[in-house]
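Working notes, structure below.
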Amino acid sequence: MSNQYSNRANIVKAIFCSVALIFIVRLAALQLFDRKYPDLARKQALRYVTQYPARGLVYDRNGLLLVYNEAVYDLMVIPRLIKDFDTAAFCRCLRIEREEFDSRLRQARKYSPYSPSPFMKQLSKEEFGSWQNQLYKFKGFYVQKRTLRVYDRPIAAHVLGYIGEVDDRDISNDPYYRQGDYIGKSGLEKWYEPILRGRKGCNVMHVDVHNREIGPYLNGKLDSLPVEGLNLYTTLDAGLQQYAESLMANKRGCIVAIQPATGEILTLASAPAYDPNLLVGRLRRDNYPRLSSDVNKPLFNRALQAKYPPGSIFKVAQAVTALQMGVITPQTGFACDKSLVGCHNHPSARSVQEAIKMSCNPYFYHVYKRMIQQGRYKSSARDSQYGLTQWHHYMLRLGFGQRLGIDLPGVKAGNIPDTAYYNRWYGRDGWAFSTIYSNSIGQGEVEVVPIQMANLACIVANRGYYCTPHLLRYYGPDSLQRPEFLEHHETGIDRRWFELAARGMYDVVHGAGGTAHKADVPGIDVCGKTGTAQNLGDDHSVFIAFAPLDKPVIAVAVYVENARGGGGSWAAPIAGLLIEKYINGEVKRKDFERTYREASPCQKLPLRKKR
Amino acid sequence: MLPPPRKYDFTLIALYIGLVLFGWVNIYAATFSEEHRQVFDFSCQHGKQLLWIGLSAIAAVAVLKIDPKIFSTTAYLIYAIALALLVVTLFIATVTKGATSWINLGAFKLQPSEFAKCATALAVARFMREIDINLNRPRTWITVGAIIAIPAALILLQHDTGSALVFASFLLPLFREGLTPYILIFGLVAVILFVLALLLNKYLLIGIIALGCLVYLFLWLGRRRARKNYMGTLLVFVACSLFTLSVDFAFNHLLEPHQKQRIEVLLGKTDDLKGAGYNVHQSKIALGSGGVLGKGFLRGTITKANFVPEQETDFIFCTVGEEWGFVGCTAMIAAYLALLLHIVTIAERQHSNFSRIYGYSVASILFFHLFVNIGMVIGLLPVIGIPLPFCSYGGSSLLAFTILLFIFIRQDSARTQGI
């Protein structure tokens, strides 16, 4: 029966309703508006397990494997899962002492009793294989496979490069990378990183409150499989590379050999070299500082990065440019007037071909003067500006003064001075031919990197064009190529002028009074040009060559630093040996080979005052 | 003549069945593991709970078949038995989770305090059914107070603070029967002062109270103020100030360390997410990550990974939150609210005082459980371990709530017979 207080039913109902309302508002705040909780839930209940793809392999042009992956094993432990444990047997398997076992386990426990942590890192296949079949006895332990790069033969370290753990900059540049990932740090490993690395996969695991895996999250709906990296098939000839490095042992300098018709780099050796295996895994920490502080700079890739004065090999470029500009003819002769610029003793050159053969300095003084001061303007300064601009144009077409588009990081451009360059130094009318004549013989302000010298040899071999020197033939299972490496770069200089230069280079090796008879290989028409580049220390010994004269298959540049005696005495015979090795497959002149392989002509670093 | 009323109230029974089944679904999710997928796996909790649901169904049918007069005539006897059981429990109970509330009966464990609520509700209704009862007479409210306080005290002795606090819910039926509303206001003010005293400087708080009193006297009352207003206000001020000053003492000396910690966590005074604050933090992660529609049945990542301790018992609501989302939570709260409002409506249509008072007691006990349990799970109240009615895992609780509710349904079905 209702009574005087029955209206209080409404108050009671109001209390119930208000509490329900408060709860719903609170739930809305938690579930609809606060986005912090889904993140927290993901962080604690899901584990993202990265699946690493195998990195692509690297082959040489004959299908020889240069770089591959080797499995190493990290022995992992989850301390909480250890039970019924035979410690003595375990220590016997790992060949460790009881004390070491205890200290390693203590460390793992300290990290987490529930989560896996490494017990022993980078066990080799042999170390692990011997007791692999007993692993099941040791509850709580398992192995995690990782891969290291292995270099089958200790060659081409500068080309292949190495991989290492990503640093903060790599991660901020590309969100693909996570802490602990590996990335190409130099060489081909760096340049072709996107091709070699493949794509990581990810397994999303559901873990419980003790960090134990429950199973794949959403039955693996969010998982992705790793995609393996693609293989690189390089242009390198492993045998020739090895031979080049052996010739350059005990020396400082570099060798570049290119197949002229295609621009494919057969050999790219920088000396001193190092064994690429020294920079792998646990070894790198010790070896890297040692190599980087070496006074001979073994990590420095001279073939791409050293800016040298080219010396007399530059005369080949000067000759074809002057002929194209029409300032000389093939029959133009100049007297060897040593008052203009120093020279060695030889008869005066009566033609371009003879001038190249004898490498006459005063001759090319005149040739350069004709290119720079063409007499179009009264003022010699103004005249020189016109001439230099025209000359500069051809030099660039010959691949100098610009970075060649080789597929390796860090290549340098060298220097071909233009009018702006000299204006900066001397003021607008402050210079003329008389200021810059040293360029005529490849000294002065001209700087060339060795890959450009080899490229010049290619251009002459091709009689007028080049393909960008490169290391990638093709990659992946579909043999994909890079179109930029198939393109012909025309120099805009007549074929006949190159024919003339090629004849001159043939005479350098074979003609009476030629400067490089030591480059001669019996049965092969080697063509070359010597250079003796002045610098702070002893002269550099330089040689470019191609062979054979007709239908050339190889172009070479050899640079030996601070080796007394000029281009003909060191660089030329080394180039000859390399050509013989490549074309004949073997070198018959064993004594000759031994002489130059074992010689150590380079002045010791650091350089002292010139003698 | 109006048609005779439908025998049993269909809405209440439907809501009951709905909540029990949905509760079981969430227990299944909370205790799920790949090894125990079977619904009828009696070795694990969801299987056992099925047995208890069956047992509760039998009890419900039995209650509906009993002569409704029995409940009022034997109310005191039932109450006495309940008290006796509580006393016995104190001596023979096995310690479980710090409390001595469970009697071990071999295959299962019984928690007499759950049934004591129902017995007390019967006793209170029986005592207050007299037509001329006046709750503002000291003799009367002291007797009623004793009926409520004795079982509460016995349960407190079992170290089950949560269940003891439930007896405070009888204030609502007393209020409905004429107890002065000041009691409710007094309680509310005490809670507010308690919280503020912990959060603010006490002297600042007393200053605020003084300011409030002055505003009341001079601005609110204005010209109407009289001598007795001054005295009354002064009394209120002194009482509030003394209460405020005693909060620290009460907090530090009357509460147990874990209770203090739970209150500090709630008030944000400590931020111990790995210790005292762990449970609620995990509960909020589970709830909050559910979003609008939830992650779906058996797809709660936090639930499946056992991050929330006590998830199938006191924290069952966060399972709902994670797997069924805001929509599921709101629907569940709506169902509970419908149940409570409907009980009050039905109570008001009872012909007998006994049935009405009992109905209010049922609604209040359920309300208190909901308020404290859900409030705890969503981080609005400190952690107090009492179950969510009909949903939490636990046989005694389900059986006791079933009997509590179905006695009322039985009473209602016979209301025209003047019971």
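In what follows, chains are A, B, ... by sequence order, proteins preceding strands, each numbered from 1.
- Minimum heavy-atom separation, A/Ala9 to B/Glu348: CB-OE2, 3.3 Å.
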Would you please test B/Val292 and A/Gln31 for side chain to side chain contact (heavy atoms under 4.5 Å, CB included) and show each step?
CA-CA 7 Å; B/Val292 183; A/Gln31 300 189 286; over 6 Å; no
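- To the nearest 0.5 angstrom, A/Leu27 atom CG is 6.5 Å from B/Leu287 atom CG.
- Panel note: side chain A/Arg8, backbone B/Phe175; a donor-acceptor pair is recorded below 3.5 Å.
- Contacts of B/Leu341 with chain A are made by both backbone and side-chain atoms, with heavy-atom separations under 4.5 Å.
- Annotation for B/Ile285 and A/Tyr37: closest pair CA-CD2, 3.6 Å, computed over non-hydrogen atoms.
- Only the backbone of B/Leu179 comes within less than 4.5 Å of a heavy atom of chain A; no side-chain atom from C-beta onward does.
- In this structure, the portion of A/Ile214 lying under 4.5 Å from any heavy atom of chain B is its side chain and not its backbone.
- Put simply, OH on A/Tyr217 and CZ on B/Arg299 are 8.5 Å apart, with the number rounded to the nearest 0.5 Å.
- For chain A, the nearby parts of B/Lys304 are the backbone and the side chain; heavy atoms of each come within less than 4.5 Å.
- To the nearest 0.5 Å, the span separating NZ on A/Lys13 from CG on B/Leu337 amounts to 10.5 Å.
- Of residues 307-315 of chain B, those residues with a non-hydrogen atom less than 4.5 Å from any non-hydrogen atom of chain A are, in numerical order, B/Phe307.
- Counting heavy-atom pairs closer than 4.5 Å to chain A, the top-ranked of the candidates B/Leu380, B/Leu370, B/Leu172, B/Thr345 is B/Leu380.
- For the atom pair B/Lys284 NZ and A/Asp34 CG, the distance stands at 8.5 Å (nearest 0.5 Å).
- Counting heavy atoms from C-beta on, the side chains of B/Arg176 and A/Ser6 come closer than 4.5 Å.
- Residue A/Phe33: no heavy atom, backbone or side chain, is found under 4.5 Å from chain B.
- The shortest side-chain heavy-atom distance between B/Val344 and A/Phe16 falls under the 4.5 Å cut-off.
- Only the side chain of B/Ile333 comes within contact range of chain A, with heavy atoms under 4.5 Å apart.
- To the nearest 0.5 angstrom, A/Gln44 atom CD is 8.0 Å from B/Thr301 atom OG1.
- Looking at A/Leu40 and B/Ser289, their side chains never come closer than 4.5 Å, going by heavy atoms from C-beta outward.
- Comparing A/Ile24, A/Ile15, A/Leu32 by how many heavy-atom pairs each has under 4.5 Å with chain B, the most go to A/Leu32.
- Contacts between A/Ala28 and chain B at a heavy-atom distance below 4.5 Å involve backbone atoms as well as side-chain atoms.
- Within residues 362-369 of chain B, the residues having any heavy atom closer than 4.5 Å to a heavy atom of chain A are B/Ala363, B/Phe367, listed by residue number.
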